[in-house]
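Have a look at the structure below, then the notes.
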Amino acid sequence: MGATVITITSGKGGVGKTTATANLSAALAMRGKRVVAIDADIGLRNLDVVMGLENRIVYDLVNVIEGSCRLRQALIKDKRVENMYMIPAAQSRDKTAIRPQDMVSVCDQLRPDFDFILVDSPAGIEQGFRNAVAPADRVCIVTTPEVSAVRDADRVVGLVEAEGKGPPLLIINRLRPQMVHRGDMLNTADVLDVLAIELLGIVPEDEAIIVSTNRGIPAVMENNSRAGHAFANIAARLLGEDVPFLDLEAKPASGWLGKIAGFVRRS
Amino acid sequence: MSVFSALFGRREPSSREVAKNRLQLVLVHDRVDLSPQKMQMLRDELISAISKYVEIDVEGMQVNLTQNNRHCRLTADIPVLAARPKR
């Protein structure tokens with residue numbers, strides 16, 4: 001059959017696209033899948049450092065597209081996990097160096113040899129975004145529970161649907177249960193209410209992500225951090241497993257029943 | 001906000017509720033690319049169009065953009081006072 005291409009995008013920058021790409025790629029590979037992660041953020045390369053592969057780069061995505069190397073030469077093998085590869089973005093170029101059809105062609109060449117191709121999209125809704133979305137079978141939108149990120153995510157939902165890519169999936173990243181608990185952060189239901197797309201996963205804010213990024217070891221590979229666990233669950237859902245969502249906002253319950261319950265508890 | 005919060009005279013809305021309400025409002029306009037200014041123009045033109053046929057209560061008139069699962073709906077609730085007398 002060939003690989004499923006999943007593009008990770010967001011609209012707003014800094015919400016955790018690259019972290020999600022690195023962790024989901026690693027988690028899928030750890031589940032025995034053949035995975036390649038592609039950094040489509042031309043000129044602002046980062047997937048390499050987040051995955052800890054920055055010292056192994058010889059060729060990049062633009063070299064492949066321009067024909068100055070063969071595709072296989074740009075595939076960096078991650079030695080820590082079986083069957084995991086990464087193609088870095090070019091650092092000294094900009095997003096006009098590639099076109100949407102180039103991304104489609106690169107992914108089509110990779111499809112026969114992999115189960116999953118994860119494309120890390122740049123922020124924004126310009127050409128870089130269109131390049132990243134072009135080869136996608138599914139699009140996954142990352143947002144944080146903040147008004148600016150959710151607003152931008154909504155814009156991207158519309159653009160993804162306009163590209164004929166079907167309804168995107170949602171990852172809510174960096175949720176802070178204590179803030180949700182005291183009513184100072186949008187909860188999962190709020191974000192879903194507003195965006196009205198299917199939830200793929202919820203990832204709690206977790207210092208372990210900063211530590212793992214410092215070391216260049218995706219959290220799913222390393223420890224049993226809460227965020228790592230959440231990403232492993234998302235990978236399992238991508239494999240078709242029915243994994244319950246982490247209960248990050250156990251109480252008080254939301255909705256009017258919860259409010260009555262909360263009121264009764266308080267009185 | 002629910003009826004219950006009103007009944008129990010709750011404190012001012014949490015920042016979460018404020019955020020959600022603001023988002024819903026801004027997104028409904030983002031999605032159809034209709035700014036509050038344009039909405040006002042639309043409302044004014046509705047008034048002048050409908051007033052040709054019936055007398056309406058402009059004060060009680062409500063024109064809203066609402067959303068349900070990414071589908072936007074423009075609703076106008078216009079109280080009619082009387083038919084225009086035939087000439």
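Computed over heavy atoms, backbone and side chain alike; hydrogens, waters and symmetry mates excluded. Computed from a predicted model, the values in this text were never measured in an experiment.
- Among residues two or more places apart in sequence or in another chain, the side chain to side chain donor-acceptor pair (under 3.5 Å) test is passed with T7(A) by none.
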Quiz item: Under the side-chain contact (heavy atoms from CB on, under 4.5 Å) criterion, do H229(A) and D206(A) qualify, and how do the steps go?
Solution: CA-CA 11 Å; H229(A) 187 193; D206(A) 190 343; over 6 Å; no
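- Counting all heavy atoms, side chain and backbone alike, L170(A) lies closest to V191(A) at CD2-CG1, 3.9 Å.
- Residues satisfying the side chain to side chain contact (heavy atoms under 4.5 Å, CB included) criterion with A123(A), sequence neighbours excluded, are K17(A).
- The shortest side-chain heavy-atom distance between M61(B) and R43(B) falls under the 4.5 Å cut-off.
- Chosen from V26(B), V18(B), L27(B), V28(B), the residue pairing most often with chain A at heavy-atom distances under 4.5 Å is L27(B).
- Side-chain contact, E17(B) with S14(B): a donor N or O sits under 3.5 Å from an acceptor N or O.
- Using modelled atom types, no side-chain atom of D190(A) and backbone atom of K20(B) make a donor-acceptor pair closer than 3.5 Å.
- By a heavy-atom distance cut of under 4.5 Å, D193(A), V194(A), L195(A), A196(A), I197(A) are the residues of residues 192-200 of chain A near chain B, going up by number.
- At a heavy-atom cut-off of under 4.5 Å, chain B is reached by V150(A), R151(A), D154(A), V157(A), G158(A), E161(A) from residues 148-165 of chain A, listed in order of number.
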Quiz item: Would R111(A) and D108(A) satisfy side-chain contact (heavy atoms from CB on, under 4.5 Å), going step by step from the backbone distance to the final call?
Solution: CA-CA 5 Å; R111(A) 277 179 201 267; D108(A) 283 349; 3.0 Å; yes
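- With hydrogens and angles left out, the side-chain atoms of T75(B) and N64(B) include no donor and acceptor closer than 3.5 Å.
- Looking at N23(A), its side chain does come within 3.5 Å of a backbone N or O of V220(A) through a donor-acceptor pair.
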